[in-house]
> 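Below is the structure I would like to discuss, written out as structure tokens.
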Amino acid sequence: MIDLKQLRENPQAFGDRLRRRGGDFDLERILELDAQQRQLEQQRSRLQARSNEIGALVGRKIKSGVPPTDPEIQALKTEANDLKQQLSDLEPQERQLKEELERLLLTIPNLPSETTPIGRDETENVEVRRWGDEYKPTQPCQPHWDIATQLGLWEVERSVKVAQSRFVTLWGMGAALERALIQFMLDTHRERGYVEVLPPLLVNTASLTATGQLPKFAEESFRCADDDLWLIPTAEVPLTNLYREEILAAEQLPIYHCAYTPCFRREAGSYGKDTRGLIRLHQFNKVELVKFVHPETSAAEHEALVADAEFILQALKLPYRVVELCTGDLGFAAMKCYDLEVWLPAAGCYREISSCSNFGDFQARRAKIRFKGAKQKGTQFVHTLNGSGLAVGRTMAAILENYQQADGTVRVPEVLQPYLKCSHIGRAAS
RNA sequence: GGAGAGGUGGCAGAGUGGUUGAAUGCGCUUGACUCGAAAUCAAGUUUAGGGUAACACCUAACGGGGGUUCGAAUCCCCCCCUCUCCGCCA
């Protein structure tokens, strides 16, 4: 949720910054509704003040022995009834305004950071740095789905039978490799200060609204219609909502969490895109990092978060680059975002494997996650950040392609060997 | 699925129509006493919106919504959630 006060105080600057995302936003209407609503609220609270006064007055008189039939009391009752009548006109009006305002506000994306590069779409994203030597195969390199099939690491057709297209079953060493990756990632993040959690995979509407997936992206999530529950599209949702409607003590910050969860996405509108392999599935595994921090530290925390995600790629010795998203490519709730893109030699290109965003107070405002210093008067919204650390299926894809040997086997990255208890994945290995 | 109990401030826990935003206890903050601490005493200690230069001040909120009343945490109706026991179940 955007900061209405900020918009009210400086509509021009606010609008200019928001429009860097591209597209148009009806801020005028919001300001108008806001002004009307506040005017009504003032009117209403004046009437209510008088009504409260009468209530107290009548109470005092009756207690002191004045009979209820006394004309003075009768006059007060008449006045109060009149006020009630006026209020019953005002209240629905105000409520309606408030609801419309709220509805509109929920559709406005976050303000991009001042430092976010301005651009129209992903072609104008800015490469920040590269790491590792790109593996340029001398002979034709196989795409990971062919490697997986040859080594018996997955089962595609049967998965379609069991579920649908865009679902896969990992098999034998494929399943083991996925599990090893998850455990390696969690162990690593835990050592680096993140508290591991294993959250619910179904969440309610309030939770999805708080992190920004609803109301705008309802068609992207799987819903259990009978229960007001949705399958999580990312662990970001349950993790961020752990602290929904809480006021934290300032000393509790920063809070770091990591979690492994499956993620479920309908991938509506991506028909024909990445139909093969592990890149785009309805269900995939991800290790997620989430931070709750003091606003003053959020920029530095963001850089550190990216470094934590990068650390996994470096440990696995997978070449990657860091790209900063431009304003036109920024996610709905993000104010600033870096993508990590891993090198996929078969396609000869980089593919997103992690997305690390700073949401500022956008999610915190929706989720009402606040903090308070010991001697501080009011409350303040925390800043929330999260990033993949990493998308596990895509990591497996990158390993298969980058680690395939001339003999067709896949070498196991050193850091995973203790988990898998072998150095190569071959045909007979499973 | 069946039966019952309950949802009040950071926590515990009173409160069945009247000046109760809410007793009391715990916790926390500040002050007094003390060389210091403990103990003791005193004061303070919810959130949101509006309003103000800043205070003051006003409004709302006792799970949510509606109703009765001059007045509701307290009475009535609907909904939600939690807990316990039984059944079922990984």
Side-chain angles (χ1 to χ4, degrees), chain A residues 1-9 30-106 198 200-210 224-230 241-253 255 262 361 364-382:
Chain A
M1 183 103 69
I2 56 165
D3 184 356
L4 190 50
K5 266 187 199 152
Q6 201 186 337
L7 168 63
R8 197 189 292 155
E9 275 158 23
I30 287 178
L31 287 167
E32 191 185 312
L33 287 169
D34 174 50
Q36 285 176 17
Q37 191 272 120
R38 276 187 302 151
Q39 208 207 326
L40 280 184
E41 178 174 337
Q42 281 182 49
Q43 254 183 58
R44 196 209 66 222
S45 70
R46 265 200 304 274
L47 295 179
Q48 271 170 339
R50 176 59 186 158
S51 171
N52 289 344
E53 203 179 354
I54 291 173
L57 207 59
V58 171
R60 240 174 294 145
K61 279 187 188 295
I62 287 176
K63 265 222 162 149
S64 69
V66 180
T69 50
D70 187 89
E72 204 178 339
I73 288 182
Q74 289 305 316
L76 286 170
K77 284 190 181 184
T78 309
E79 187 187 346
N81 275 324
D82 184 49
L83 288 172
K84 214 168 12 168
Q85 184 58 47
Q86 293 182 50
L87 280 168
S88 68
D89 288 342
L90 277 182
E91 273 166 356
Q93 280 182 51
E94 193 192 342
R95 193 169 341 126
Q96 206 184 328
L97 282 174
K98 254 193 165 138
E99 276 167 16
E100 192 183 344
L101 184 60
E102 181 84 358
R103 227 179 2 252
L104 266 176
L105 281 173
L106 285 176
L198 188 55
L201 307 182
L202 296 175
V203 297
N204 55 35
T205 299
S207 292
L208 272 172
T209 307
C224 309
D226 290 339
D227 296 295
D228 182 37
L229 287 170
W230 306 67
N241 278 281
L242 285 175
Y243 299 94
R244 176 151 51 89
E245 284 146 50
E246 289 193 28
I247 299 173
L248 305 163
E251 310 87 71
Q252 286 177 266
L253 301 177
I255 296 173
D361 62 9
R365 180 170 279 113
R366 286 176 163 232
K368 299 191 179 63
I369 306 172
R370 292 158 290 175
F371 73 96
K372 193 176 178 176
K375 293 183 183 173
Q376 197 183 324
K377 249 194 197 158
T379 59
Q380 252 181 297
F381 290 110
V382 302

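Side chains are part of it too, since the values below use all heavy atoms of this structure and drop only hydrogens, waters and symmetry mates.
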> If you look at every strand shown and take non-hydrogen atoms under 4.0 Å, does A/A56 touch a base, only sugar-phosphate, or nothing?
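Nothing, no heavy atom under 4.0 Å.
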> If each of A/R46 and A/E41 is mapped to the nucleotide of RNA chain B with the nearest heavy atom, which maps nearer the 5' terminus, i.e. the 5' end?
A/E41
> Applying a 4.0 Å non-hydrogen cut-off, can you work out what A/R60 is touching in the nucleic acid: base, sugar-phosphate, or nothing?
base
> Of the listed nucleotides (B/rA48, B/rG71, B/rA60), which one gets closest to any side-chain atom of A/Q48?
B/rA60
> Please list all pairs passing the side chain to side chain donor-acceptor pair (under 3.5 Å) test where one or both residues lie in residues 49-67 of chain A, with sequence neighbours left out.
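Those involving residues 49-67 of chain A are A/R50-A/E53, A/R50-A/E79, A/K61-A/E72.
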> Taking any heavy-atom pair under 4.0 Å as a contact, classify A/I247: base, sugar-phosphate, or nothing.
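Counting heavy atoms under 4.0 Å across all strands, the contact made by A/I247 is with sugar-phosphate only.
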> Crowded around A/Q96 CD? As in, over 12 foreign heavy atoms under 6.0 Å?
no
> Quick one: CG on A/L201 to CG on A/L229, what's the gap to the nearest 0.5 Å?
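If I round to the nearest 0.5 Å, the distance is 11.5 Å.
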> Quick one: label A/R44 by what it contacts on the DNA or RNA (base, sugar-phosphate, nothing), any heavy atom closer than 4.0 Å.
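The answer is sugar-phosphate, as A/R44 gets under 4.0 Å only of primed atoms, P, OP1 or OP2.
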> Which part of the nucleic acid, if any, lies within reach of A/R365 when heavy atoms closer than 4.0 Å are counted: base, sugar-phosphate only, or nothing?
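Nothing: the residue A/R365, judged by heavy atoms under 4.0 Å, touches no strand.
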> Less than 4.0 Å between a side-chain N and a carboxylate O, is that true for A/E91 and A/R44?
no
> Please tell me if A/K84 has a side-chain N or O lying less than 4.0 Å from either OP1 or OP2 of B/rG71.
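For B/rG71, OP1/OP2 do have a side-chain N/O of A/K84 under 4.0 Å.
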> Could you work out the separation of B/rA48 and B/rG36 based on their P atoms and round it to a whole Å?
38 Å
> Return the value, rounded to whole Å, for the distance between atom CD of A/Q43 and atom P of B/rA60.
16 Å
> A/N81 CG to B/rU68 P: how many Å, rounded?
11 Å
